[in-house]
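All values reported here derive from a predicted model rather than from experimental measurement. Chain letters run A, B, ... following the sequence lines, proteins first and then strands; every chain starts at 1. Below, all heavy atoms of this structure are taken into account, side chains as well, without hydrogens, waters or symmetry copies.
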Amino acid sequence: MKLFVKSLRTGIVTAKVALAGEQPEWSRGFPLVDAVRCQGCGECAVACPTGAITVAGPGAGEEIQEETPGSLGVALAAGGQWRLSVTRCLGCGACEEACPARNIRCGGDFAGREAWAHASQGGRSKARSLHIRHLDGGSCNACDWEMVALTNPVYDVQRLGFDFVASPRHADALMVTGAVTRNLEEAVVKTYEATPAPKLVIAVGACACSGGLFTAGYAIAGGVKRVLPVDVYIPGCPPTPDAMIQGLCQAMAIYPNTSRKSLP
Amino acid sequence: MTVGDLQRLIYELRQELGEGFGVEERHGNEFRLEVRRDLLPAACRHLSHQGRAALVNMVGTDEREIDGCYRLYYTFSPEDADLFITLISGIPSEDPAFPSVTPVVPAAHWYEREVQDLLGLAAQGHPDPRPLVLHRQWPRGLYPLRKDFDGTVQPELTGEHFPFRQVEGDGVCQVPVGPIHAGIIEPGHFRFSVVGEAIINLEAQLFYTHRGVEKRCEGMPYHRALLLAERTCGACSFSHSTAFCQAVEKLAGVVLPERAGYLRAVLLEMERLYNHIGDIGNICAGVGLAFGTSHGGRLKERLMALNQRVAGNRFLRGVNVIGGTGRDLDDATRRVVLDTVAEVRRDFREVMEILLDNSAFRDRLETTGILSTQVARDLGVVGPAARASGIDRDTRRDHPHAAYDRLSVRVPVYTQGDVMARFRVRADEVIISLDMVEELLNTLPAGPVRTGVGSIPPYRAALGYTESPRGEDIHWVMSGPGDTVFRCRIRSASYCNWPAVPMTVPGNIVPDFPLINKSFELCYSCTDR
């Protein structure tokens with residue numbers, strides 16, 4: 001009896017999803033640079049542990065090429081460009097600390113920065129639900145725990161049409177975390193192959209999106225796209241549950257309009 | 001044990017084992033003694049049995065660039081003393097082998113297999129020399145932690161599979177589970193041998209999430225290696241980053257500002273709180289009690305939001321720096337934390353009362369998955385799992401760090417060793433942690449939160465340690481030239497505890513396995529690195 005009374009008294013705790021820019025002001029994320037004051041010295045780029053920042057100072061003249069989707073570029077008042085690869089960014093604050101003029105504040109919200117792999121994608125589909133298979137490709141477990149949080153009463157993704165399934169054979173989408181270790185490559189590929197088409201691959205977190213700190217090495221493939229074709233990137237280290245929900249909604253919007261039906 | 005007792009123990013070692021002992025050094029609470037490699041098993045045995053010291057770490061290093069040798073460092077910690085004693089053995093490069101210590105100190109088993117896999121130092125006489133870290137597919141003769149191995153190279157994998165032990169008999173089936181599991185959980189492979197539902201044997205193969213963190217650290221400046229240490233694990237992020245910082249701070253000889261020590265302790269307890277409450281919720285999920293899972297999830301979410309408030313990050317990342325903390329706590333936030341602590345305490349107590357009142361719930365947890373005190377001691381189990389099996393160890397009380405020397409740390413100990421005992425230890429520790437956070441925040445001293453760190457001379461080693469939610473985390477760091485890491489050994493609590501899990505399973509039924517696993521709630525990534 002006490003069990004029911006306790007739950008009744010607790011009431012509904014499900015929160016409204018926080019959209020891009022609605023994170024509380026104390027949350028930290030990717031760097032925002034003051035484009036007016038920045039002189040393009042490049043100290044932030046040197047300090048960045050994943051090479052997420054590139055700075056072309058005045059007179060450089062060249063457009064910095066985008067490597068992964070989800071880059072954002074800022075034209076500097078002093079000339080030149082400051083560019084951030086959001087899928088590489090850990091939100092660690094090394095750039096903020098390194099900037100000699102304190103022009104950087106790590107307040108950018110990763111939510112809303114998810115990116116699609118292909119420009120061809122983007123029609124609205126009729127999908128109203130997405131069944132997801134979680135696939136840990138060798139993460140530190142932060143992204144995985146945030147995914148577990150998606151099913152807690154506060155985020156309750158089931159009300160939005162998302163659910164996690166036990167078998168890849170029941171899945172519409174794979175949410176992959178981690179940079180894919182070599183010990184797991186075989187299992188990752190087999191899980192993808194066991195998922196019936198049409199299917200989406202969603203890379204969750206900096207490691208999955210770009211390798212993050214775990215670029216290719218003796219034990220690591222270096223990011224999910226080295227092993228599987230990725231459709232949606234959700235950046236962050238880890239992305240908050242709100243950011244994951246934004247990414248999932250985008251994924252649902254493009255399912256099943258993927259341009260690929262099987263592993264090339 | 002006092003310092004005098006330890007010195008007497010070392011003297012006894014020399015007497016008993018004769019020549020073959022070299023230089024003895026002391027740095028703070030760390031004693032070091034050089035030992036000829038053939039004396040390792042006898043010396044370790046003496047420390048473990050006569051000294052009643054637990055093996056807490058073993059590192060292998062490639063120091064050939066320094067003096068042509070590999071080296072092994074076996075670190076022990078005696079009961080009731082804030083002391084560590086490390087036996088150090090040089091292994092010549094032309095004969096990379098050593099007598100295994102595992103037959104006399106079983107807790108050495110994984111450390112020695114790891115040193116075999118990653119450094120190619122053969123542990124002669126090891127009872128289980130199968131590959132541990134690099135799965136069978138890894139080509140023989142390549143050792144990633146040797147300095148002449150280029151860590152960016154990706155050798156061709158051979159495709160062989162791990163030789164699991166077979167159980168033969170009428171009606172015995174092998175049930176393979178993983179590495180990809182049905183729920184949202186990290187990867188590991190479990191090979192069950194069952195008759196019907198009853199489990200006869202379980203063997204686990206881990207290291208699927210081995211990312212080569214330690215190799216990656218080598219040659220990195222300390223502040224960058226800190227980012228790696230922080231990402232060894234998600235749920236134990238702050239414990240790992242604190243242990244790493246402590247090791248480097250010891251090497252640099254810096255004194256941590258008082259306020260930084262308090263802040264680190266507060267955050268360490270906040271990490272413990274969200275983990276323990278989440279784990280309690282997960283244990284309820286293991287028996288299908290949705291009430292517990294939902295309220296546990298709700299309370300955990302409250303604490304994660306609090307983490308974000310205090311640190312800007314839900315996993316408390318980006319706070320620790322070498323020399324202190326990079327962020328301070330303003331008074332408004334301090335008050336929010338205190339208010340939340342009071343509310344969570346009341347809320348949690350209500351939920352616990354309801355859970356423990358439920359006889360079906362108690363029935364599932366009691367007598368399930370028993371870890372005996374003897375096995376726990378032999379394997380060097382740490383944390384709540386150890387305390388649930390009668391072992392009274394807690395790094396906060398036994399090796400005070402951060403601000404723990406200012407608190408009286410209460411340590412709950414139970415003896416049944418079953419899932420219920422591990423559940424109760426966590427529930428007690430939640431209340432203890434809430435009280436600690438209150439006490440720390442009510443007595444928070446003013447002052448700076450960080451101090452400068454100068455250059456660190458190369459080839460010196462130090463230990464950093466914390467009590468993570470799973471138990472003792474140890475970071476052993478050796479400095480290199482140019483203020484970079486020469487070698488970093490990250491020994492998480494889960495590394496010690498994983499080998500104990502399969503020992504608790506035989507005699508239980510298959511549906512009990514997820515419950516037993518959740519009662520340990522060990523991290524795979526902490527272990528695998």
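In plain terms, the two heavy atoms of B/Leu227 and A/Cys92 that are nearest each other are CD2-CB, 3.8 Å. Closest non-hydrogen pair, A/Ser27 versus B/Gln308, comes out as CB-NE2, 3.4 Å. When all heavy atoms of B/Thr209 and A/Gly138 are compared, the closest pair comes out as CG2-CA, 3.7 Å.
Heavy-atom distances place the backbone of A/Val165, and not its side chain, under 4.5 Å from chain B. Neither the backbone nor the side chain of B/Leu142 comes within less than 4.5 Å of any heavy atom of chain A. With a 4.5 angstrom heavy-atom cutoff, A/Ser139 touches chain B only via backbone atoms.
A salt bridge does not link B/Asp347 with A/Arg9: none of the charged nitrogens is closer than 4.0 Å to a carboxylate oxygen.
In summary, of the residues considered (B/Lys215, B/His210, B/Gln154), a side chain to side chain donor-acceptor pair (under 3.5 Å) with A/Tyr218 occurs for B/His210 alone.
With contacts defined as side-chain heavy-atom distances shorter than 4.5 Å, the pair B/Pro179/A/Glu186 does not qualify. For the pair A/Cys140 and B/Thr232, the minimum side-chain heavy-atom distance is 4.5 Å or more.
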Pair A/Glu97-B/Arg450, salt bridge (charged side-chain N to carboxylate O under 4.0 Å, His left out): steps then yes or no: CA-CA 14 Å; A/Glu97 177 136 340; B/Arg450 105 190 250 187; 3.0 Å; yes
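With chain B as the partner, the residue from A/Thr191, A/Thr215, A/Thr240 showing the most heavy-atom pairs under 4.5 Å is A/Thr215.
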